[in-house]
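Take a look at the structure set out below.
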Number of protein chains: 4
Amino acid sequence: MARSQTPRRKRANGVESRRRILDAAVEIAGERGYEGTSIAAVSARCGLPASSIYWHFKDKDDLIAAVIETGFETWLAAFELPAEETGTPLERVTAMAAGVAERLVDAPDFLRLGLMLALEQRPAEPRGRTVFLRIRATAAQRIAEMIAALFPALGEDAVRSLTVYAMAGADGLFVQRQIHGGTVDLAAMFELHARLLHDAAARMAQEGDERH
Amino acid sequence: MARSQTPRRKRANGVESRRRILDAAVEIAGERGYEGTSIAAVSARCGLPASSIYWHFKDKDDLIAAVIETGFETWLAAFELPAEETGTPLERVTAMAAGVAERLVDAPDFLRLGLMLALEQRPAEPRGRTVFLRIRATAAQRIAEMIAALFPALGEDAVRSLTVYAMAGADGLFVQRQIHGGTVDLAAMFELHARLLHDAAARMAQEGDERH
Amino acid sequence: MARSQTPRRKRANGVESRRRILDAAVEIAGERGYEGTSIAAVSARCGLPASSIYWHFKDKDDLIAAVIETGFETWLAAFELPAEETGTPLERVTAMAAGVAERLVDAPDFLRLGLMLALEQRPAEPRGRTVFLRIRATAAQRIAEMIAALFPALGEDAVRSLTVYAMAGADGLFVQRQIHGGTVDLAAMFELHARLLHDAAARMAQEGDERH
Amino acid sequence: MARSQTPRRKRANGVESRRRILDAAVEIAGERGYEGTSIAAVSARCGLPASSIYWHFKDKDDLIAAVIETGFETWLAAFELPAEETGTPLERVTAMAAGVAERLVDAPDFLRLGLMLALEQRPAEPRGRTVFLRIRATAAQRIAEMIAALFPALGEDAVRSLTVYAMAGADGLFVQRQIHGGTVDLAAMFELHARLLHDAAARMAQEGDERH
DNA sequence: AATGAATGAGGATTCATTCAT
DNA sequence: AATGAATGAATCCTCATTCAT
């Protein structure tokens with residue numbers, strides 16, 4: 001009985017701790033990249049001793065990978081899929097782009113980290129990089145399917161090119177936002193991106209048609 | 001005569017050494033980013049002891065900044081400006097894009113480093129980041145001027161948007177290339193980028209015209 | 001049971017380790033001063049790796065400050081206060097001086113370090129210096145009170161002068177001892193110091209009296 | 001002829017350079033002690049490259065020793081010896097003390113350095129320390145002779161004690177001045193010191209007399 | 001008389017990680 | 001579930017010194 005007087009708190013709570021560590025880690029890693037993220041810094045920011053971090057994660061690599069994973073999960077969870085599959089192709093491409101733009105505005109930490117990892121080219125690739133690239137690949141797959149569905153006349157190569165261009169635009173606009181901050185109107189830029197992609201797809205579809 | 005037989009143990013040659021250090025540093029920093037670049041690694045790759053690196057550069061920060069600076073200089077030097085200012089706007093935009101694409105293929109180290117620095121958001125900003133952003137800003141200025149010249153009907157905002165989009169596309173395509181390697185046909189993608197930019201500019205110019 | 005045979009490689013014991021580090025540090029710093037004290041040397045003398053020192057102390061500055069602090073504490077603890085407040089002024093001053101002389105003989109490391117720190121005049125003052133000066137200031141206060149109590153006729157200025165002279169004599173004799181070693185009979189010299197101080201105080205008190 | 005157009009300056013001038021180096025070195029060493037004085041810092045303060053310092057001085061030890069030597073020379077040079085050997089013993093002791101006090105006020109760098117060296121107790125004694133102690137020894141000799149001359153009745157031991165006490169007072173007051181700055185009125189304190197020394201000598205001389 | 005360049009040893013400090021409790 | 005203590009390897013950088021010119 002005397003025991004339960006000091007209530008809850010400090011009653012070791014794994015889930016909570018794990019979350020706190022991850023929260024601290026995204027912030028730091030999103031600011032400073034993989035190497036710039038020291039366990040000591042994460043420990044300082046989350047208030048748990050470094051050794052506790054090792055109770056929850058095998059090693060730094062594991063921690064960063066988890067950051068990417070859960071970061072992506074929460075990012076995805078925020079998406080309310082438009083579901084209704086109606087409207088002109090332009091409308092649908094634009095709607096999609098608007099969704100991405102919206103998500104991009106306030107979840108930059110995990111994405112920034114991901115991009116940094118993606119740019120690195122070191123011999124022993126961090127697992128977080130692999131995870132991030134896998135996620136990107138499935139995203140690209142999704143985009144490719146959408147393009148193919150909206151413009152059935154497009155050949156495989158055209159779809160591939162457009163997909164690459166679509167991803168590139170998203171990455172690039174994200175980078176612009178990182179660099180120039182609020183100055184860049186992500187919503188407007190993504191609307192432009194959607195429009196240009198749509199026009200390009202439409203033209204390519206037509207050209208492809210004519211050729212046959 | 002007999003004297004010059006042994007090359008006399010490391011004849012002091014500042015310029016040469018500095019170059020060797022910078023060469024080693026771009027490679028490493030381009031692969032692993034700022035934090036990932038250890039002075040010891042640079043020392044190992046260039047053959048000079050770490051303390052010698054500090055003769056040529058005040059600090060790691062100074063070294064990285066110099067890497068960005070000279071990296072950009074050599075990058076620019078490789079550009080053969082088309083000079084002849086003729087052709088349709090589309091031709092000219094495309095030519096410009098082709099030039100950039102070409103440069104992007106084989107000078108990725110310094111650019112990758114620059115992008116990584118740009119993405120970082122640490123409290124004490126590395127000087128290299130500042131330098132890189134300054135360079136980018138003048139590049140953006142150049143692009144804006146070109147767009148304004150080719151499409152005089154465009155308003156300020158339109159030029160700004162198109163410039164951001166142009167830079168974003170370039171960054172994004174560079175990132176795609178880093179991630180997917182040779183799979184991405186930079187020349188083709190930049191041609192597409194140029195075309196879309198041109199079409200967008202043309203349409204905006206027309207819309208602006210009609211409004212008045 | 002079989003288990004506890006090997007003392008299990010360095011059983012963690014914070015308090016013990018901290019003490020060992022401090023012990024090693026006083027010795028070295030007392031011999032060579034602040035800059036002359038390398039963490040590596042301390043590590044070597046106390047047997048703990050350098051990195052362990054940093055578990056116990058934030059920095060070298062922190063370590064040296066702790067050396068001064070605990071050095072002074074143990075030094076003070078060794079004083080058996082005469083308690084009995086009787087005897088002629090001369091007897092009491094002499095008793096006090098004898099006590100100090102005694103302490104000065106065998107606790108020179110921490111004091112030598114303190115004096116060296118006090119003499120330094122570098123822009124970024126080591127924290128140990130501040131601590132040492134604070135301690136000295138309270139010691140001086142104690143001396144001033146004693147003088148004022150024994151010679152109530154003395155004015156403020158006279159007390160201040162005598163206090164400065166008392167401290168100066170102590171410092172100076174300590175220095176002589178450091179330089180000339182056993183040759184200097186600290187006990188005798190401090191007895192002389194006490195006598196002269198007493199005479200000066202007595203005369204000043206008398207002069208002050210006559211003036212009114 | 002064309003040669004002498006750019007006049008004097010930079011016309012290598014050994015004496016000048018040597019002086020600049022020494023000036024820089026006293027300042028720095030007087031602030032930070034032996035170990036705290038880096039050749040690089042001296043080089044920065046005097047404007048000559050580190051390698052030039054090695055042209056004028058064999059090594060750091062040599063430089064510091066030279067600092068002590070020349071520091072002492074200029075210090076001594078400033079003394080205008082009272083020469084006239086008249087007056088009561090008290091007057092003469094006081095005059096001497098006044099002279100020392102005066103010199104002590106504005107030449108603290110070299111003395112501070114000397115004291116720091118004297119306090120150090122490291123295995124490999126810097127040559128500067130030896131030099132400083134030698135100088136002190138001759139100074140002590142001078143004092144002893146003066147005391148013996150003024151109080152012929154004093155025995156050897158008494159002279160020795162008084163000499164030690166005289167030096168100790170000077171050192172201690174110097175230290176007080178270093179610590180408390182202008183607050184300490186060196187002139188007044190040295191006058192007190194002289195008076196007390198004189199009284200002690202007089203009494204000792206009398207006691208010695210009576211004993212016989 | 002002077003100096004630019006170089007260099008190995010050592011400086012303080014931080015790193016990721018482990019382990020006994 | 002958590003943590004205080006420890007640790008070897010690595011970090012950046014400064015040190016005193018040398019040497020060819």
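Lettering of chains follows the sequences in order, A, B, ..., and the numbering in each one begins at 1. None of these values were measured; they are calculated from a predicted model.
One interatomic measurement links the two molecules: CH2 of B:Trp55 to C1' of F:dA16, which rounds to 17 Å at whole-angstrom precision. Here the P atom of nucleotide F:dT11 and the CD1 atom of B:Ile53 are 12 Å apart, to the nearest Å. Remark: C1' of F:dA5 and CZ of C:Phe57 are 14 Å apart, rounded to the nearest angstrom. With rounding to whole Å, C:His56 atom NE2 is found 9 Å from F:dG4 atom C1'. Here the C1' atom of nucleotide E:dT7 and the CG atom of B:Leu48 are 10 Å apart, to the nearest Å. The separation between B:Arg19 atom CZ and E:dA5 atom C1' is 17 Å, rounded to whole Å.
A:Ala50 pairs by the side chain to side chain contact (heavy atoms under 4.5 Å, CB included) definition with A:Ile39, A:Ser43, not counting sequence neighbours. Scanning for side chain to side chain contact (heavy atoms under 4.5 Å, CB included) contacts around B:Pro123 gives A:Glu31, A:Arg32, with sequence neighbours left out. Here A:Arg112 pairs with A:Asp109 under the salt bridge (Lys or Arg N to Asp or Glu O under 4.0 Å) rule; sequence neighbours left out. Remark: A:Thr130 engages A:Glu125 in a side-chain hydrogen bond (donor to acceptor under 3.5 Å, both in side chains) (not counting sequence neighbours). Residues passing the salt bridge (Lys or Arg N to Asp or Glu O under 4.0 Å) test with A:Glu73: none are found, sequence neighbours excluded.
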Reading nucleotides 9-16 of chain E 5' to 3', which nucleotides get B (base under 4.0 Å from a protein heavy atom), which S (sugar-phosphate only), which -?
--SSBBSS

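Relative to the side chain of C:Ser52, the nucleotides E:dT7, F:dT7, F:dA2 differ in distance, and F:dT7 lies closest.
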Dot-bracket for DNA chain E: what is it, with Watson-Crick or G-U pairs under 3.5 Å, [ ] where a pair crosses earlier ones, and | for a pair to another strand?
.||||||||||||||||||||

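Between A:Leu133 and A:Ala118, the shortest heavy-atom distance links the atoms CD2-CB, 4.1 Å.
Legend: salt bridge (Lys or Arg N to Asp or Glu O under 4.0 Å) pairs involving residues 34-53 of chain B, not counting sequence neighbours, sorted by first then second residue: B:Glu27-B:Arg45, B:Glu35-B:Arg122. Under the salt bridge (Lys or Arg N to Asp or Glu O under 4.0 Å) criterion, the residue pairs touching residues 55-72 of chain C are C:Asp62-C:Arg127, with sequence neighbours excluded.
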